[in-house]
Amino acid sequence: MTGISSFRAKRRLPVLIVLTLSFSSLSTAEELPLYELGIGAGSYHSPHYLGADQDFSLLLPVPYFVYRGKYVRTDRSGIKTILFDNDRLDLSISLGGGLPVDSEDNRAREGMPDLDLLLEAGPVVRYTPYRREQGSRSLSLELPLRATFSVDNFSLRHQGWISNPALVYRQKWRGWKLTTSLGAEFSDRSNHGYFYDVDTPYITEQRSYFKAGAGYTASRLSFSMTRSFKNWYLGGFIRYYDLSGAENADSPLVKEEANFSAGVMLARKFYRSKKRATARNAD
């Protein structure tokens, strides 16, 4: 297991950015201030990449920021720009990311190029056929398509496309917001190649040549719980990935058929706007 001490200083800011995106996606939704500011601590555990047999285990300060605007929001689905929204269907632009990996810290990738910080951006269509009054329960089908970009010294390089359609069930329970999702991830050849290709210069006795293909990456089951108090915020999530039958399961860089990731965050709010978000904006 690799701890925070294994990250080079230049990578700590990108790590903080990705953690902020991860925990922003756990925000609550109801008649609340338009925006809130705070600071907290986040603990994050994740595989180096899907199929890796080594993990990150991090504890970092994380800024807390929630915004519930008409066109830009941070909510349970992430940081979004709203393009179209009604009771059943909405279209938005969302962001995501992935942590960098120093290959010297990963046995399977030793001697290979590092994996840089990844940023993801693209449209998400969400269809909600079932919603109880006041949003106490809902069931949605989410269909995202994101372009991925690696970031190295402030330069961007396109690394392909990913899509992770999912069924998402949300429920309010005794002040908590509970979210469960079940879905699958698919990627094009370029994105899979970034993680799973083994080119000729990197062949060893333990690592044979491999060229990744497009298709199924993994299935995913996730669960999160969040609660917003007047001056505090608490949130956590756990995700399970199953790579059985994945397109690139035969890559020598795939060492595990199952991965877990999890995180928890506790934040102290120090400012809440007096202006309120509408119920729809907060959803």
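No hydrogens, no waters, no symmetry mates; every other heavy atom, side chains included, goes into these values.
No side-chain donor-acceptor contact under 3.5 Å links Arg132 to the backbone of Gln171. The main-chain N or O of Pro201 is never found under 3.5 Å from a side-chain atom of Asp199 such that the two would form a donor-acceptor pair. For Ser228 (side chain) and Tyr233 (main-chain N/O), no donor-acceptor pair under 3.5 Å exists by modelled atom type. With hydrogens and angles ignored, the 3.5 Å screen pairs a side-chain donor or acceptor of Asp188 with a backbone N or O of Asn191. With hydrogens and angles disregarded, no donor-acceptor distance shorter than 3.5 Å links the side chain of Ser46 to the backbone of Phe56. Looking only at distances, a side-chain donor or acceptor of Gln54 sits under 3.5 Å from a matching main-chain atom of Arg107. Checking side-chain atoms of Ser43 against main-chain N and O of Val264 turns up no donor-acceptor pair under 3.5 Å. With Asn259 contributing its side chain and Tyr241 its backbone, the two residues share no donor-acceptor pair below 3.5 Å. Between the Thr204 side chain and the Gln206 main chain, a donor and an acceptor come within less than 3.5 Å of each other.
From Tyr127, atom OH reaches atom CG of Leu139 across 10.0 Å, with rounding to the nearest 0.5 Å. Atom CG in Leu117 sits 7.5 Å away from atom CG in Leu99 (nearest 0.5 Å). A distance of 9.5 Å separates CG in Leu243 from CG in Asn248, rounded to the nearest 0.5 Å. For the atom pair CZ (Phe237) and OG (Ser181), the distance works out to 11.5 Å, reported to the nearest 0.5 Å. Atoms CG and CD, on Asp105 and Glu110 in that order, are 10.0 Å from each other to the nearest 0.5 Å. Here the straight-line distance linking atom CG of Leu91 with atom CG of Leu143 works out to 11.0 Å at 0.5 Å rounding.
Taking 4.5 Å as the limit, every side-chain heavy atom of Arg146 sits out of range of all side-chain heavy atoms of Trp161. Residues Ser222 and Tyr240 fail the side-chain proximity criterion, which asks for heavy atoms closer than 4.5 Å. The shortest distance between side-chain heavy atoms of Lys269 and Tyr64 falls below 4.5 Å. Looking only at side-chain heavy atoms (C-beta outward), Asp116 and Tyr194 come within less than 4.5 Å of each other. Contact of the Phe186 side chain with the Asn164 side chain is not registered, since no non-hydrogen atoms from C-beta on lie closer than 4.5 Å. Between Glu185 and Tyr216, the closest side-chain pair of non-hydrogen atoms is not below 4.5 Å. In this structure, the side chains of Arg207 and Tyr202 come closer than 4.5 Å at one or more pairs of heavy atoms. In this structure, the side chains of Ser219 and Asp242 come closer than 4.5 Å at one or more pairs of heavy atoms.
Leu141 and Leu145 fall into different hydrophobic clusters, where Ile, Leu, Val, Met, Phe, Trp and Tyr are joined by side-chain heavy atoms under 4.5 Å apart, directly or via other members. Using a 4.5 Å cut-off between side-chain heavy atoms of Ile, Leu, Val, Met, Phe, Trp and Tyr, with links allowed through other members, Ile162 and Val168 fall into different hydrophobic clusters. No continuous path of hydrophobic side-chain contacts links Leu167 to Tyr130 [ILVMFWY only; heavy atoms under 4.5 Å].
Taking the six-membered ring for Trp and thresholds of 30 and 60 degrees, Tyr49 and Tyr196 have ring planes more than 60 degrees apart, a perpendicular arrangement. Classified by interplanar angle (parallel below 30°, tilted 30° to 60°, perpendicular above 60°), the ring pair Phe65/Tyr67 is parallel.
Closest of all the heavy-atom pairs between Pro144 and Glu142 is CD-O, 3.4 Å. Residue His158 comes nearest to Ala147 through the heavy atom pair NE2-CB, 4.0 Å, listed as atom of the first residue, atom of the second, then distance. When all heavy atoms of Val62 and Ile39 are compared, the pair lying nearest together is O-CD1, 3.6 Å. Considering every non-hydrogen atom in both Tyr169 and Arg137, the closest pair reads OH-CD, 3.4 Å. Closest approach of Lys255 to Ala108, counting heavy atoms only: CE-CB, 3.8 Å. Nearest heavy atoms, Ser273 versus Pro33: O-CB, 3.4 Å.
For the 3.5 Å distance criterion, the side chains of Ser150 and Gln159 qualify, holding a donor opposite an acceptor. Side-chain contact of His45 with Ser261: a donor-acceptor pair under 3.5 Å is absent, judged by distance alone. Side-chain contact of Arg170 with Thr180: a donor-acceptor pair under 3.5 Å is absent, judged by distance alone. A donor and an acceptor atom, one from each side chain of Ser224 and Lys177, are nowhere located under 3.5 Å apart.
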| field | Verdict with reasoning, Ser140 to Arg131, per side-chain hydrogen bond (donor to acceptor under 3.5 Å, both in side chains) | value | CA-CA 9 Å; Ser140 301; Arg131 188 197 307 271; 5.9 Å; no

| query | For Thr226 and Trp176, what are the C-alpha separation, side-chain angles and deciding distance, and is it a side chain to side chain contact (heavy atoms under 4.5 Å, CB included)? | reply | CA-CA 6 Å; Thr226 68; Trp176 291 89; 5.6 Å; no

| message | Is there a salt bridge (charged side-chain N to carboxylate O under 4.0 Å, His left out) between Lys275 and Glu36? Walk through the geometry before answering. | response | CA-CA 11 Å; Lys275 186 175 181 179; Glu36 299 175 295; over 6 Å; no

| task | Given side chain to side chain contact (heavy atoms under 4.5 Å, CB included), test Leu89 with Thr128 step by step and report yes or no. | result | CA-CA 6 Å; Leu89 186 68; Thr128 305; over 6 Å; no

| request: Walk me through it: do Leu253 and Val198 pass the test side chain to side chain contact (heavy atoms under 4.5 Å, CB included)? | output: CA-CA 8 Å; Leu253 301 178; Val198 178; 3.9 Å; yes

| Yes or no on side chain to side chain contact (heavy atoms under 4.5 Å, CB included) for Phe229 and Arg227, after CA distance, side-chain angles and deciding distance? | CA-CA 7 Å; Phe229 303 90; Arg227 186 162 184 175; 3.4 Å; yes

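By the 4.0 Å N-to-carboxylate-O rule, Asp197 lies close enough to Arg189 to be salt-bridged with it.
Put simply, the residue from Thr179, Leu178, Leu234, Ile238 that forms a side chain to side chain contact (heavy atoms under 4.5 Å, CB included) with Met225 is Leu178.
Heavy atoms from other residues, nucleotides or ligands lying under 6.0 Å from CZ of Arg268 number more than 12.
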